[in-house]
Amino acid sequence: MKTQNHLKGGNEYGTVCPKTGAKLRPVRYIKWLLPLTGLAGLVWFLIRVVPKPSRATYPCQRVVAPLASGFVVWLLGLAGSTVFVRKARRHWIRARYVVAVACFVTAVFAIWWSAGMTGRDARAGYGGIFTPIDPPNNPMGVGKGVHPGRVVWIHDPEAATWQKGSGYWWNDTYTDPDRVSQMFGNAIQWLTGQTTDSGAWESIFRYYNQRHGKDGAGYQAGEKIAIKCNLNQCGSHGNEGNKSYTAPQLLEAVLRQLVNVVGVAPSDITVYDASRRVPSTLYDLGGAGELAGVRFADTQGGNGRIKANRDPDAMLQPSDPAVPPRWVPDFVSEASYLINIAGLKGHVLTGATLCAKNHFGSTWVEDGWRFWPGNAIHGHVNAFDTTQPWGQSGFSRPARPMGSYEALVDLMGYKHLGGKTILYIVDALYGALHMGTSVRNSPKWQVEPFDNDWPSSLFVSQDPVAIDSVCIDFLRSEPTMTYIAAPDNYSTVDDYLHEAAMANDPCSGTFYDPDGTGFGLDSLGVHEHWNNAVEKQYSRNLGTGDGIELIYSVPLEYLEPFAGDVNDDSAQVVLAFRDDFEANGLDAWLATDPNVWQIEQVGDTNVLSLTAQSNYAPPHRSPFNINLVQDVVVGSFIMELQLNSTVDEHPHRDLCLFFGYQDPANYYYVHIASQPDDVAHKIHVVDDADRTSITDHNNNGVTWDSDWHTVWIVRDVDAGTIEVYFDDISSPVMTGADSRFQLGKVGVGSFDDTGQFDSISVWLPLQSNGGASPALRASRPVEFGDDGGVVAGTLGGA
């Protein structure tokens with residue numbers, strides 16, 4: 001039975017129930033549900049995100065964002081439509097019929113536009129939120145590198161400071177060459193576990209040569225090196241304005257290292273993109289000084305550039321017969337080594353363009369007039385269904401499902417490309433929305449730790465699968481990166497990484513043999529996705545598997561006093577304790593006042609929070625808020641943790657770290673404060689008396705702001721030294737000397753402020769006999785009495 005509408009006197013009575021025939025009262029407010037919900041969503045989004053832009057990545061904000069943006073668009077469309085309807089009416093009355101019709105059409109368009117826009121995905125009308133099919137921390141494949149599966153991420157916010165409208169991003173004023181050089185130097189050292197640039201390069205070359213039957217030899221004079229840059233947007237030999245391409249400062253850092261540290265002759269280095277043109281900002285680097293003589297090659301040649309010509313004997317035979325063969329340039333086939341410098345970008349076909357796809361600019365196809373893979377190859381990398389109306393690639397291709405042949409794997413495994421690559425670098429100083437978007441038209445990143453700034457980062461690895469896996473995780477966590485997934489959340493962006501990691505036994509069943517030797521590829525590297533976008537932990541970080549290790553703070557082997565050579569067979573430190581507060585509550589902790597300590601959720605992670613002043617009276621003038629690791633006692637140690645001060649700014653705004661703890665009247669602590677004075681921002685000892693400074697050196701205080709900061713304490717009992725680092729491992733903010741308490745507990749807290757703590761790790765140095773330095777277990781849990789004394793248990797028990 002159909003329902004009926006009854007109108008009386010122009011007033012709506014309602015509808016008729018199909019079962020009883022009774023008239024139903026209309027639900028008069030349903031029509032306002034969407035606008036009101038959108039308004040509420042907009043208010044909530046602004047309240048939460050404006051003070052801290054990184055909150056835009058939180059799940060709740062991703063849910064509310066479409067409602068908020070849809071409401072704004074609906075409001076604009078409604079306002080515009082109303083204005084033009086009124087104008088149409090006025091013009092019609094005045095017999096201006098043509099203008100009236102035009103205004104009416106504009107009003108209709110405004111309504112249509114707002115309806116169309118509100119129906120689109122929240123992420124710029126194209127991208128969805130890419131969700132991998134494999135669960136977090138589920139590694140596949142075999143890690144590559146001196147430290148297998150290691151990827152180094154270096155972030156320096158001061159390296160990339162260009163603001164739109166203020167010139168060119170590649171100018172040294174905005175992209176600091178000294179900082180970029182330091183970032184790259186740190187990256188290769190951390191990657192290899194070496195403490196010098198020369199040691200890092202020696203390790204890189206020896207690792208490669210050992211795997212290629214050269215008995216672990218280092219670089220030999222006369223060997224040629226090719227450097228593939230990402231110049232996809234470069235169509236001329238000019239400076240190319242604010243287009244996105246490899247940063248000159250990064251290329252300069254790499255070239256100077258090769259020439260000055262490794263000893264490569266400039267004429268033995270070729271910088272190229274065989275499918276595009278080398279801009280003057282890169283070419284000019286080889287014009288003078290120690291870099292004079294570096295060769296540059298591109299698709300056009302001329303103006304000092306070499307024209308890329310294929311080597312007819314260097315043919316890549318695709319593993320799928322539907323894909324045409326390809327050739328590489330002669331300067332690539334003749335090179336002994338290759339360095340791959342990619343960019344951090346989305347892509348309208350593949351979802352992401354990183355190290356693997358960077359080699360599209362290294363190949364020539366027979367039906368093309370230049371070095372460019374062409375339509376025939378692009379159809380074998382499609383991660384999106386570009387046959388849909390939202391397709392913006394220019395190619396009409398269906399999405400290729402997981403477990404498909406991947407042309408990128410052939411590039412990654414071919415002997416003259418991935419097969420001779422010694423180092424993979426992703427330039428993420430500025431990033432780009434997708435392969436065709438300039439820096440000027442690309443958004444700054446919202447996700448932590450970028451917080452509405454440029455990524456200002458470098459990624460470096462010896463594992464081609466691992467580095468692309470990590471960069472895809474970064475891209476999918478950033479809400480402004482709209483091309484990582486399709487609007488319906490269907491994307492196969494990481495299929496090529498599955499295929500590459502399992503190239504010896506891929507899901508597609510493809511026999512990957514790009515060299516045409518009859519011998520298939522082995523695993524090209526290790527793939528997995530991190531645990532979450534806040535912690536960014538992979539299986540090697542968590543100690544749960546042989547997958548990826550993401551290093552984004554200084555590696556353990558770099559922390560004094562335990563620095564030195566590290567090899568694959570031994571480590572210099574051993575983990576004694578770690579707590580990220582995700583699983584075990586506060587079982588491992590002993591607080592002077594448990595009532596003021598609790599675990600709180602911040603975003604997608606848990607942290608230890610000090611919420612108020614402790615109800616605790618120490619026997620001497622010393623901190624009131626102390627929480628100790630209950631059953632670990634250490635001598636020499638390294639402690640790393642994340643800190644966040646949660647009080648308003650004042651000179652003594654502080655958080656404290658404790659060590660050598662014997663009892664409430666005997667211990668050391670570090671007071672980290674905004675401004676130093678006689679008692680603030682110092683290393684202190686409490687020795688049966690009020691705290692006393694044992695500080696040799698301290699800086700002018702720290703900037704707490706409202707962000708998280710990384711702190712290290714490094715103590716060497718034998719030398720009597722204590723060092724404190726705040727965010728920057730290059731130099732300590734405080735040093736001190738004392739050795740009266742050889743062993744003791746470690747902990748966190750504050751003198752009289754509040755704060756939060758997370759990711760607390762304690763490492764011990766290995767002794768010369770291979771055993772760990774003492775990490776003594778208490779015979780039973782220690783308890784504090786009302787007067788602050790230890791009433792049960794022992795410290796340093798057997």
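Note that these values count all heavy atoms, side chains included, but never hydrogens, waters or copies made by symmetry.
The minimum heavy-atom distance between Leu417 and Leu411, with the atom names listed, is CB-O, 3.5 Å. For Glu499 against Ser508, the heavy-atom pair with the smallest separation is OE1-OG, 2.5 Å. The heavy-atom pair separating Phe384 from Ser491 by the smallest distance is CE2-OG, 3.6 Å. Summarising the geometry of Glu528 relative to Tyr538, their closest heavy-atom pair is CG-CD2, 3.5 Å, with the distance given to 0.1 Å. For the pair Pro318 and Pro325, the tightest heavy-atom approach, listed with the atom from each and the gap, is CD-CA, 3.5 Å. When all heavy atoms of Ala503 and Tyr512 are compared, the pair lying nearest together is O-CD1, 4.0 Å.
Looking at Val152 and Asn186, their side chains never come closer than 4.5 Å, going by heavy atoms from C-beta outward. Val426 places none of its side-chain heavy atoms less than 4.5 Å from the side chain of Leu458. With a 4.5 Å cut-off on side-chain heavy atoms, Leu475 and Leu344 count as touching. At a threshold of 4.5 Å between non-hydrogen side-chain atoms, the residues Lys345 and Asn230 count as touching. In this structure, the side chains of Val254 and Ile339 come closer than 4.5 Å at one or more pairs of heavy atoms. Put simply, the side chain of His380 reaches to within 4.5 Å of the side chain of Asp320, judged on heavy atoms. Using a 4.5 Å heavy-atom threshold, the side chains of Asp134 and Asp494 count as touching. Counting heavy atoms from C-beta outward, Thr299 and Arg277 have side chains that approach closer than 4.5 Å.
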Practice prompt. Evaluate the salt bridge (Lys or Arg N to Asp or Glu O under 4.0 Å) criterion for residues Arg150 and Glu549: first the C-alpha distance (whole Å), next the side-chain angles of each, then the deciding distance (0.1 Å), finally the verdict.
Written response: CA-CA 5 Å; Arg150 176 175 285 191; Glu549 178 189 29; 2.9 Å; yes

Item to complete: Assess whether side chain to side chain contact (heavy atoms under 4.5 Å, CB included) is satisfied between Glu223 and Asp268, documenting all intermediate values.
Response: CA-CA 7 Å; Glu223 292 180 320; Asp268 287 333; over 6 Å; no

Practice prompt. Mind running ring-ring contact (aromatic ring centres under 6.0 Å, His included) on Trp190 and Tyr552 for me, showing each step along the way?
Written response: CA-CA 9 Å; Trp190 296 5; Tyr552 51 89; 9.7 Å; no

Practice prompt. Report the C-alpha separation of Arg310 and Val328 in whole Å, then their side-chain angles, then the decisive distance to 0.1 Å, and conclude whether the side chain to side chain contact (heavy atoms under 4.5 Å, CB included) test is met.
Written response: CA-CA 5 Å; Arg310 69 170 178 167; Val328 300; over 6 Å; no

Practice prompt. Take His378 and Phe360 through the test ring-ring contact (aromatic ring centres under 6.0 Å, His included) and record every step on the way to the result.
Written response: CA-CA 9 Å; His378 274 82; Phe360 265 39; 5.2 Å; yes

Item to complete: List the steps and the verdict of side chain to side chain donor-acceptor pair (under 3.5 Å) for Asn138 and His529.
Response: CA-CA 7 Å; Asn138 186 42; His529 292 289; over 6 Å; no

Item to complete: Using the side chain to side chain contact (heavy atoms under 4.5 Å, CB included) rule, take Asn358 and Leu354 through it: C-alpha gap first, then chi angles, then the decisive distance, then the call.
Response: CA-CA 6 Å; Asn358 195 33; Leu354 302 165; over 6 Å; no

Worksheet entry | Working for side chain to side chain contact (heavy atoms under 4.5 Å, CB included), residues Asp580 and Glu535 | CA-CA 9 Å; Asp580 58 9; Glu535 294 179 311; 3.7 Å; yes

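Side-chain atoms of Tyr272 and Ser362 form a donor-acceptor pair, as typed in the model, at a separation below 3.5 Å. With hydrogens and angles left out, the side-chain atoms of Thr246 and Asp427 include no donor and acceptor closer than 3.5 Å. Between the side chains of Thr270 and Arg295, at least one donor N or O lies within less than 3.5 Å of an accepting N or O. A donor-acceptor pair shorter than 3.5 Å cannot be found between the side chains of Asp513 and Gln317.
In this pair, Phe459 and Trp153 present their aromatic rings parallel. The plane angle is below 30°, not in the 30 to 60° band. Using bins of under 30°, 30° to 60° and over 60° for the plane-to-plane angle, the ring pair His498/His527 lands in the tilted bin. Aromatic ring pairs are classed by plane angle as parallel below 30°, tilted from 30° to 60° and perpendicular above 60°; the pair Trp201 and Phe184 is tilted.
Within 6.0 Å of CD in Glu582 there are more than 12 heavy atoms belonging to other residues, nucleotides or ligands.
Between the Lys420 side chain and the Val332 main chain, a donor and an acceptor come within less than 3.5 Å of each other. Remark: side-chain polar atoms of Ser523 are paired, donor with acceptor, to backbone N or O of Val142 under 3.5 angstrom. Of the possible polar contacts, one joining the Asn209 side chain to the Ala217 backbone as a donor-acceptor pair under 3.5 Å is found. Judged by distance alone, the side chain of Thr192 and the main-chain N or O of Ile188 form a donor-acceptor pair under 3.5 Å. Here the side chain of Asp495 pairs no donor or acceptor atom with the backbone of Thr492 at under 3.5 angstrom. Under the 3.5 Å distance criterion, the side-chain polar atoms of Asn504 are left unmatched by any main-chain donor or acceptor of Leu521. Between the side chain of Asp468 and the main chain of Leu497, no donor-acceptor pair closer than 3.5 Å is present. Looking at Ser404, its side chain does come within 3.5 Å of a backbone N or O of Pro401 through a donor-acceptor pair. Formation of a donor-acceptor pair under 3.5 Å by the Asp515 side chain with backbone atoms of Thr517 is not found in this model. With hydrogens and angles disregarded, a donor-acceptor distance shorter than 3.5 Å links the side chain of Gln220 to the backbone of Gly218.
Taking CE of Met435 as the start and CG of Leu349 as the end, the distance is 6.0 Å to the nearest 0.5 Å. To the nearest 0.5 angstrom, Lys144 atom NZ is 6.0 Å from Tyr207 atom OH. Note: Asn531 CG to Ser539 OG = 10.5 Å, rounded to the nearest 0.5 Å. Here the CG-CG distance, from Leu524 to Leu408, works out to 11.5 Å after rounding to the nearest 0.5 Å. Atom CG of Asp410 sits about 11.0 Å away from atom OG1 of Thr363, to the nearest 0.5 Å. Rounded to the nearest 0.5 Å, atoms OG1 (Thr605) and CD (Gln537) are 9.5 Å apart.
Centroid-to-centroid, the aromatic rings of Phe450 and His155 come within less than 6.0 Å. Proximity of the aromatic rings of Phe474 and Trp530 is defined here by a centroid distance below 6.0 angstrom, and this criterion is met. Close placement of the Tyr208 and Tyr337 rings is indicated, their centers lying within 6.0 Å of each other.
The pair Arg276-Asp298 does not count as a salt bridge, with every side-chain nitrogen at least 4.0 angstrom from each carboxylate oxygen.
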